[in-house]
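Below, chain A is the first sequence line, B the second, and so on; all start at residue 1.
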Amino acid sequence: MQETLVYGHNPQEKVVGLHPTEDNKMRIYVRKENSTENIDYNFYPFFFLHDLQYLENFKRRYYKRKLEGNNFFQYIIAFDKWSDMWDCIHNILEMYNKSSLKKALTYEDLPIIYLIPDRQTQFLIQSGITHFKNIGHDEIHRLQISIDKVITPGKKTSNPRRESDRITYIALTDNRGFEAILGKTEKSEKAILQKLINIINKLNPDIIEGFELHNDIIYYILTRCELHNINFAIGRDNSNVKLIEHPLQSRESLQKAKYSVAGRNLIDVVDLLQDYDPNRRIFYNYDIKTVAEHFKFKFQNNPETTSDAATLCIEKNYFVKYLCELFLPSFIEQARIFPLNPGKIIEFPSSHKIELLFVREYVHKKYSLPAPQSSRQISGGYTDLFYIGVFDNVYYIDIESMYPTLILMYNLNPSTDYINVFIDSLKELARLRIHYKNEFLKNKDKKYLFYIQEDFKILINTYFGYLAYHKGLFNDYDKANKITELGQEILKKIIYHIQSQNGTVIEVDTDGVYFVPPYKMESGEAVEKLIKEITNYLPEEINIILGGKYKRFLSYKKKNYAVLKYDDSVQIKGSALISKNLEKFGKVLIQNCISCILREEFYELHIFYKNLYDKIVNHKWNIQDFMRVETLKDPLYKYSNDIQRDQRNRNAAYELAIRSGLDWNVGDRVAYYVTGSDANVKAYENCKFAEEWDPNFPDENIAYYLKRLEEYTRKFEIYFSKEDFSKIFSTSEQKKESFKTIRLLTKKVGKEIISEIEEKDEPEYKIWLSEE
DNA sequence: GCCCGGAGCGC
DNA sequence: AGGCGCTCCGGGC
């Protein structure tokens, strides 16, 4: 039962691609070793409808079905053709707008309709087919492609529309041992392109992989094909590569171009990396060299210096293959589950993915779909800080998958979910996550297993967020509130238990606790014992795990701390201590302060500070050290409008962008620095682009940057006595020996939580009382 | 000095 | 194109 709920009710195996053929047909491709077989399916486009009166004017043929249950969308309406469905939508739009005060522009504004706008997705939902059932990852045929281009001297990049630019080489590799470099024997660019099209069609790959595949490789090839009057026909039906239109695209969300190839899947490695990056925050930009360095992938030829462009192209393919073998398996596993093609699985937010799982089952079982509840605020996790200071021998424990566990424990499914898809699918995805996690623990060299379990973890964590998602069809704010409430209670119980055993709880957040074990329990086994005790004292479904143990722990504020690990590395958390848009000198200063405090290297810190101060005062630094980089979040016209209407404050990055008169897009980054001589200048009135800074005539605002320096160091005032602090952060020479007497301070903060918990069963527990 | 909203974090 | 909680910042008053 769960099996078909999660994997879809259609057992069709080895589907590797699909595309519509006619307005009412979908063709699927099924892998057979070195070939594919195609099967055509009838397809009836559909949407959900609240009320049949909206169909009164529609004269074409349609099929209606009254659905089970009392949810808002009572009917499913199906059509013979995709175009009929859209005609009907337009009809409904007209009718709706006649009677409604608020005009609907597109189907998205129609509250009486639920429509999935993509026909492949609709087909997969209707048929219960998913990709890659019962096919080994190696059986899927994957082609890698990269290109080398001429850059006209004096230009930064190659432009396919420029006469003097062109493709020089195209490298092709696959996961079955094929390798080719086009451009070595082919005389002309035209010949290269024709050969490329031939090879792709002959190899017949299921997936095409590349670095910047859409915006660079395909865009470039397509443009050159047009120039040479060649059809870039690599579709499984011999159709051309198509640009995917985004009809509903607003000016604010300028999406980059995406292409599609009939029956094949395009995988851009950069999309995979973007999925990998956000929590890790490693890449500012995705140039292949930076990425290769991060993954310690060695090119035989140095991309910077080699003149062998052809070989370099092949090596790029090896890297693409390497990255895909790391990250693609997760999406292949997900494509077995969700009614989406692999490309969409990478693109789509996880809330959307799990919702499609629900919708598929509701279509299959012919049940009415709910409309979203109107949004309202819910409570969140419990966060608290008990101590500020530096502590030795700190442990971190957390509750494994707390929210999903609570949902399953208390059966907290949305009240609108008649057929229990929410709980049932969560149960199965959670089981799969454990499965992949265990597989990884058994085969630690198979890193891709780690990424699969990580992505499944994200999926199961999405279930909680979905309940409070304003656009979620099955959202349920009461249930969401219940979950956070239960989570808060459990966390407080854990805190209480540790405190009552005379452990020192330092800081807690949502589902985890940093603490120093009781004095007598410093050995590892004793901590295990403590964890076991806490576990016994909680509901049996709740699993507490040791998340880490640390040599030293620096507690700063709620959600802001740093740890010194046993391998001597330092890890810093929290927006007050690390932030992307701090100036580099500030970042380095804070890192040094934390590292030196954790290691008690106070003299070294003093020297570092003195040198930095000296550098600032004497302009002995570089623009990279003090510029700030900000990302434009809004288009400039919106910023200007908002300023005019007094709806937002001025901002240096936007002011500079406007002043430059250049074209700026959302997502562009502006690097700037502050000028003038007063420390309290308004940045937006005294700023310049980073590239305007001239080291021979430095005009950065020294007073301003010294003020920032003091602000950063002041964060660490709390850890020292007044005298010690001013000794360390002093610009005059201090005696080295005098630093030996420096002692770090700790401070108890925050209120007691103990009194909030009634523990009648355990009256013998000692209670820590606040000193306040 | 206080208040506000946005950004950037943590979970 | 899940959620909330916390801190910092710049700017306006």
Worksheet item: Taking it one step at a time, do A:D699 and A:Y673 satisfy side chain to side chain donor-acceptor pair (under 3.5 Å)?
Response: CA-CA 10 Å; A:D699 61 347; A:Y673 67 101; 2.7 Å; yes
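- Where A:V681 and A:K471 each meet DNA chain C at their nearest nucleotide, the meeting point lying more 5' is that of A:K471.
- A:K587 has its NZ atom 17 Å from the P atom of C:dC8, to the nearest Å.
- Here the nucleotide nearest the side chain of A:A468, chosen from C:dC8, C:dG5, C:dG3, is C:dG3.
- More than 12 heavy atoms of other residues, nucleotides or ligands shown are found within 6.0 angstrom of NZ on A:K715.
- Of the candidate nucleotides C:dA1, C:dC9, B:dC11, C:dC9 has the atom nearest to the side chain of A:R708.
- No salt bridge links A:D417 with A:K479; every basic N to acidic carboxylate O contact stays at or beyond 4.0 Å.
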Item to complete: Could you walk me through whether A:D109 and A:K102 pass the salt bridge (Lys or Arg N to Asp or Glu O under 4.0 Å) test, one step at a time?
Response: CA-CA 9 Å; A:D109 305 326; A:K102 224 178 127 201; over 6 Å; no
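- Regarding A:K682, its NZ atom lies at a distance of 18 Å from the P atom of C:dC9, rounded to whole Å.
- For A:K558, no side-chain nitrogen or oxygen approaches OP1 or OP2 of B:dC9 to under 4.0 Å.
- Counting only N and O atoms by type, the side chains of A:N560 and A:E507 include no donor and acceptor under 3.5 Å apart.
- Residue contacts shown for A:S350 are absent, as no nucleic acid heavy atom lies under 4.0 Å away.
- An OP1 or OP2 oxygen of C:dG2 is reached within less than 4.0 angstrom by a side-chain nitrogen or oxygen of A:S351.
- The side chain of A:P349 sits closest to C:dG2 out of C:dG2, C:dG5, C:dG3.
- We find that NZ of A:K557 is positioned 3 Å from P of C:dC8, with the value rounded to whole Å.
- Contact check, A:Y561 against B:dC11: a side-chain N or O comes under 4.0 Å of OP1 or OP2.
- Distance A:R628 CZ to B:dA7 P: 13 Å, rounded to the nearest Å.
- Side-chain nitrogen and oxygen atoms of A:R650 include none within less than 4.0 Å of the OP1 or OP2 phosphate oxygen of B:dG6.
- When rounded to the nearest whole Å, the span between CE of A:M402 and P of C:dC4 equals 15 Å.
- Contact between the side-chain N/O atoms of A:Y704 and the OP1/OP2 oxygens of C:dG10 is found at a separation under 4.0 Å.
- Comparing C:dG2, B:dC11, C:dG5 by their closest approach to the side chain of A:D509 singles out B:dC11.
- Following rounding to the nearest Å, A:K707 (NZ) and C:dC9 (C1') show an atom-to-atom distance of 11 Å.
- Of the candidate nucleotides C:dC4, B:dG10, C:dG11, C:dG11 has the atom lying nearest to any side-chain atom of A:A683.
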Fill in: side chain to side chain donor-acceptor pair (under 3.5 Å) between A:E583 and A:Y712, worked out
CA-CA 11 Å; A:E583 306 90 343; A:Y712 294 141; 2.5 Å; yes
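- For C:dC4, the OP1/OP2 oxygens have no side-chain nitrogen or oxygen of A:Y469 closer than 4.0 Å.
- Nucleotide B:dC11 holds its P atom 13 Å from the CD1 atom of A:I545, rounded to whole Å.
- Here C:dT7 presents its P atom at 10 Å from CD of A:E507, a figure rounded to the nearest Å.
- When heavy atoms are screened at a 4.0 angstrom cut-off, A:N560 is found touching the sugar-phosphate backbone but no base atom.
- Residue A:A480 is classed as having no contact, given no heavy-atom separation below 4.0 Å to the nucleic acid.
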Practice prompt. Any chance you could lay out the side chain to side chain contact (heavy atoms under 4.5 Å, CB included) test for A:D476 and A:L412, step after step, and finish with the verdict?
Written response: CA-CA 10 Å; A:D476 186 333; A:L412 296 168; over 6 Å; no
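- Here A:Y556 lies in heavy-atom contact (under 4.0 Å) with sugar-phosphate atoms only.
- One finds a side-chain N or O of A:Y684 lying less than 4.0 angstrom from the OP1 or OP2 phosphate oxygen of C:dG12.
- When the nucleotides C:dG3, C:dC8, B:dC11 are ranked by their closest atom to the side chain of A:I378, C:dG3 comes out on top.
- Across all strands shown, A:T462 has heavy atoms under 4.0 Å from base atoms, whether or not it also approaches the sugar-phosphate.
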